[in-house]
Student: 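Dumping the structure here so I can ask a few things about it.
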Amino acid sequence: SARWFEKSLSRQNSQNKAWGRFTCLTVCFLSGFFVSSADVSVITATYNSAEDIERNIRCVGTQTLRPKEHIVVDDGSTDETLAIVDRLRREFPHVKLIKQSNGGAGAARNTGIEFATGRYIAFLDSDDLWSSRKLENQIGFMSEKNVAFSYGEYEIIEAKTGDRKGVHKSPDSVTYEDLLRGCPVGCLTVAYDQKMLGKRYMSPVRRGQDWGCWLELTRDGSTGRRYPGLDAIYRRSKDSLSSDKLYKVRDIFWIYRMQEGMGAIQSAWYMLPHVIAALMKRYVVPNRTLNATIETNRLDRVIEDTSGT
């Protein structure tokens, strides 16, 4: 009877181990279907971004708070961008691809806004990146604090060399009057609640169109709020539209004159501090240097995780 008992106990232990392995595998398998999701539309404008678009889609697709949809608007690419997005759509079914003829980043973002069905609209250009908790941190903050328009800080990295230039620190809040004097808000960090504010679109200019949208969001008295944390990487390129400062001055003046309805003298009055702030942001050391914080460590992992894609 003792021998029988030992065999029975051994058989039971084997069954328990098998059941444990089965349970573990089942939990791991099902966990991919129960990742928290949010009513967010992420909009990515892309043009000839074959080298960057996969990193972009993967960093959105692996958010701890998954978006409802990731709308990629291709602005007339002639490289392999479309083929890469098509391939990734099989892995990330929330990705929606819209194709249009070349009209600029603002026009592409506006197409994305038009088709967006999520309550919250967020922006991430094809060459920029987020940490995996960006949406969780930001949407959680907006929901808890009843904020309709939020933004965050971001790290600046030279796209070609990978040199880390520092962290752009945004103010705690911005009003319409604040934004008339400059744009301290990075597009890659913005999210707004279209249920509270309605759909707001980018200005019809090539440069500074996002700033024109922030003016639209705050003109009625709404205030933008900075959510805590550092969750975004802005990859700066000398060839980017925002680096073309002379043309940007012209487009900024257009927004003051045509969109905001200011006279020439008033436009020039507001434009001077705006241009100075833009030049400082581009050529002077950012207003917070990198240090060993939890946030920068998390962005280190983003850079490492995406360097091989």
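Heavy-atom basis, side chains included; hydrogens, waters and symmetry copies ignored. Throughout, numbering of the chain's residues begins at 1 and tracks the sequence.
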Student: Can you check whether Arg89 reaches Leu97 side chain to side chain, under 4.5 Å on heavy atoms?
Tutor: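 Yes, at least one pair of side-chain atoms sits under 4.5 Å.
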Student: Between Thr44 (side chain) and Leu124 (backbone), is there a donor-acceptor pair under 3.5 Å?
Tutor: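 Here the side-chain-to-backbone pair exists.
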Student: Taking atom CE of Met196 as the centre, report whether more than 12 heavy atoms of other residues, nucleotides or ligands fall under 6.0 Å from it.
Tutor: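 Enclosed: over 12 neighbouring heavy atoms sit under 6.0 Å from CE of Met196.
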Student: Is Val60 reachable from Tyr154 through a run of I, L, V, M, F, W or Y residues, each pair having side-chain heavy atoms under 4.5 Å apart?
Tutor: yes
Student: Less than 3.5 Å apart, any donor N or O on the side chain of Glu144 or Tyr227 sitting next to an acceptor on the other?
Tutor: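 No, because no side-chain N or O of Glu144 sits under 3.5 Å from a partner of the opposite role on Tyr227.
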Student: Could you tell me whether the side chain of Ser170 and the main chain of Pro184 form a donor-acceptor pair under 3.5 Å?
Tutor: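 A pair under 3.5 Å: yes.
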Student: Any sub-3.5 Å donor-acceptor pair from Asp128's side-chain atoms to Arg235's backbone N or O?
Tutor: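 Confirmed, Asp128 side chain pairs with Arg235 backbone.
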Student: Examine distances only and state if a side-chain atom of Trp214 and a backbone atom of Cys187 form a donor-acceptor pair shorter than 3.5 Å.
Tutor: no
Student: Before you tell me yes or no, could you show the steps for Val205 and Phe253 under side-chain contact (heavy atoms from CB on, under 4.5 Å), namely the whole-Å CA-CA distance, both residues' side-chain angles and the distance that decides it to 0.1 Å?
Tutor: CA-CA 11 Å; Val205 293; Phe253 190 76; over 6 Å; no
Student: Any chance you could measure Ile233, atom CD1, to Ser131, atom OG, to the nearest 0.5 Å?
Tutor: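 Ile233 CD1 to Ser131 OG: 8.5 Å, rounded to 0.5 Å.
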Student: Yes or no on side-chain contact (heavy atoms from CB on, under 4.5 Å) for Met271 and Val249, after CA distance, side-chain angles and deciding distance?
Tutor: CA-CA 8 Å; Met271 191 171 70; Val249 168; 4.0 Å; yes
Student: Begin with the C-alpha distance, continue with both residues' side-chain angles, and end with the deciding distance and a verdict on side-chain contact (heavy atoms from CB on, under 4.5 Å) for Asp125 and Arg109.
Tutor: CA-CA 9 Å; Asp125 283 350; Arg109 290 174 186 148; 2.6 Å; yes
Student: Calculate, to the nearest 0.5 Å, the distance between atoms CD and CD belonging to Gln209 and Gln259 respectively.
Tutor: 11.0 Å
Student: Scan residues 110-119 for pairs that pass side chain to side chain donor-acceptor pair (under 3.5 Å), counting only residues two or more places apart or in two chains.
Tutor: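 As it turns out, the side chain to side chain donor-acceptor pair (under 3.5 Å) pairs with a partner in residues 110-119, which skip direct neighbours, are Lys68-Thr117, Glu69-Thr117, Gln100-Thr111, Arg119-Asp193.
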Student: Indicate if Ile113 and Leu215 have the same hydrophobic cluster label, given that clusters are the connected sets of ILVMFWY residues with side-chain heavy-atom separations under 4.5 angstrom.
Tutor: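 Yes: a chain of side-chain contacts under 4.5 Å links Ile113 to Leu215.
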Student: Less than 4.5 Å apart, any side-chain heavy atom of Met202 and any of Phe123?
Tutor: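 Met202 reaches Phe123 side chain to side chain.
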Student: Side-chain heavy atoms under 4.5 angstrom apart, residues restricted to Ile, Leu, Val, Met, Phe, Trp, Tyr: same cluster for Ile71 and Phe92?
Tutor: no
Student: Please find the pair of heavy atoms, one from Ser222 and one from Leu217, that lie closest to each other, and give the distance.
Tutor: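 Closest approach of Ser222 to Leu217, heavy atoms only: CB-O, 3.4 Å.
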Student: Looking at Glu216 and Arg200, what are the two nearest heavy atoms and their distance?
Tutor: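 Taking Glu216 first and Arg200 second, the nearest heavy atoms are O-NH1, 2.5 Å.
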Student: Short question: side chain of Lys199, backbone of Ala116 - any donor-acceptor pair under 3.5 Å?
Tutor: yes
Student: With respect to Glu155, which candidate in Lys165, Arg236, Arg164, Lys169 satisfies the salt bridge (Lys or Arg N to Asp or Glu O under 4.0 Å) definition?
Tutor: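 One option only clears the test, and that one is Arg164.
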Student: Can you name the residues that form a side chain to side chain donor-acceptor pair (under 3.5 Å) with Arg225, not counting sequence neighbours?
Tutor: none
Student: Is it true that a side-chain atom of Asp75 and a backbone atom of Gly103 form a donor plus acceptor pair closer than 3.5 Å?
Tutor: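 Indeed, once roles are kept as given, a pair shorter than 3.5 Å links the two residues.
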Student: Which heavy atom of Ile139 sits nearest to which heavy atom of Ala191, and what is that distance?
Tutor: CD1-CB, 4.5 Å
Student: Under a 4.5 Å cut-off applied to non-hydrogen side-chain atoms, are Leu180 and Met262 in contact?
Tutor: yes
Student: Hey, what do you get for NE2 (His70) to CD1 (Ile43), rounding to the nearest 0.5 Å?
Tutor: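 Separation between the atoms: 9.0 Å.
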Student: Ignoring hydrogens and angles, tell me if any N or O in the side chain of Arg66 forms a donor-acceptor pair with the backbone of Gln63 under 3.5 Å.
Tutor: yes
Student: Does a side-chain N-to-carboxylate-O contact under 4.0 Å join Asp251 and Lys248?
Tutor: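 Answer for the salt bridge query: no.
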Student: How close do Trp130 and Leu188 get, heavy atom to heavy atom, and via which atoms?
Tutor: NE1-O, 2.8 Å
Student: So Met142 and Tyr120, do their side chains get closer than 4.5 Å, heavy atoms only?
Tutor: yes
Student: Distance check, rounded to the nearest 0.5 Å: Thr78 atom OG1 versus Asn48 atom CG?
Tutor: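 Between atom OG1 of Thr78 and atom CG of Asn48 there are 4.0 Å.
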Student: If I compare all heavy atoms of Thr189 with all of Ala232, which pair ends up nearest, and what's the gap?
Tutor: CG2-CB, 3.9 Å
Student: Just by modelled atom types, is the His168 backbone N or O under 3.5 Å from a matching donor or acceptor in the Tyr234 side chain?
Tutor: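 Checking the backbone N and O of His168 against the side chain of Tyr234, no donor-acceptor pair under 3.5 Å is found.
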Student: Counting only N and O atoms by type, is there a donor-acceptor contact under 3.5 Å from the side chain of Trp211 to the main-chain atoms of Leu179?
Tutor: yes
Student: Within the 4.5 Å heavy-atom criterion, are Ile57 and Ile84 side-chain neighbours or not?
Tutor: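 Contact flag for Ile57/Ile84 side chains = no.
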Student: With heavy-atom distances below 4.5 Å as the criterion, would you say the side chains of Leu88 and Val95 are in contact?
Tutor: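 In short, these two side chains do not touch, never coming nearer than 4.5 Å.
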Student: Just verifying a value: how many Å separate Ile53 CD1 and Arg58 CZ, rounded to the nearest 0.5 Å?
Tutor: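 Ile53 CD1 to Arg58 CZ: 12.0 Å, rounded to 0.5 Å.
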Student: Taking all atoms of both residues into account, what is the closest heavy-atom pair of Ser203 and Gly212, and its distance?
Tutor: OG-CA, 3.2 Å
Student: Identify, with sequence neighbours excluded, every residue that meets ring pair (Phe, Tyr, Trp, His ring centres under 6.0 Å) alongside Phe141.
Tutor: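 Here no residue qualifies.
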Student: What about Ile121 and Phe149, same hydrophobic cluster or not, with Ile/Leu/Val/Met/Phe/Trp/Tyr joined at side-chain heavy-atom distances under 4.5 Å?
Tutor: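 Yes, it is one cluster - the side chains of Ile121 and Phe149 are joined through contacts under 4.5 Å.
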Student: Atom CG of Leu82 and atom NZ of Lys99: how far apart are they, to the nearest 0.5 Å?
Tutor: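 Those atoms lie 5.5 Å apart.
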Student: Centroid separation under 6.0 Å, is that true for the rings of Trp254 and Tyr247?
Tutor: no
Student: Counting C-beta onward and ignoring hydrogens, is there a side-chain heavy-atom pair between Val190 and Tyr151 closer than 4.5 Å?
Tutor: yes
Student: Between Ser77 and Asp74 (side chain of the first, backbone of the second, donor and acceptor by atom type, cut-off under 3.5 Å), is there such a pair?
Tutor: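 Checked: no pair found.
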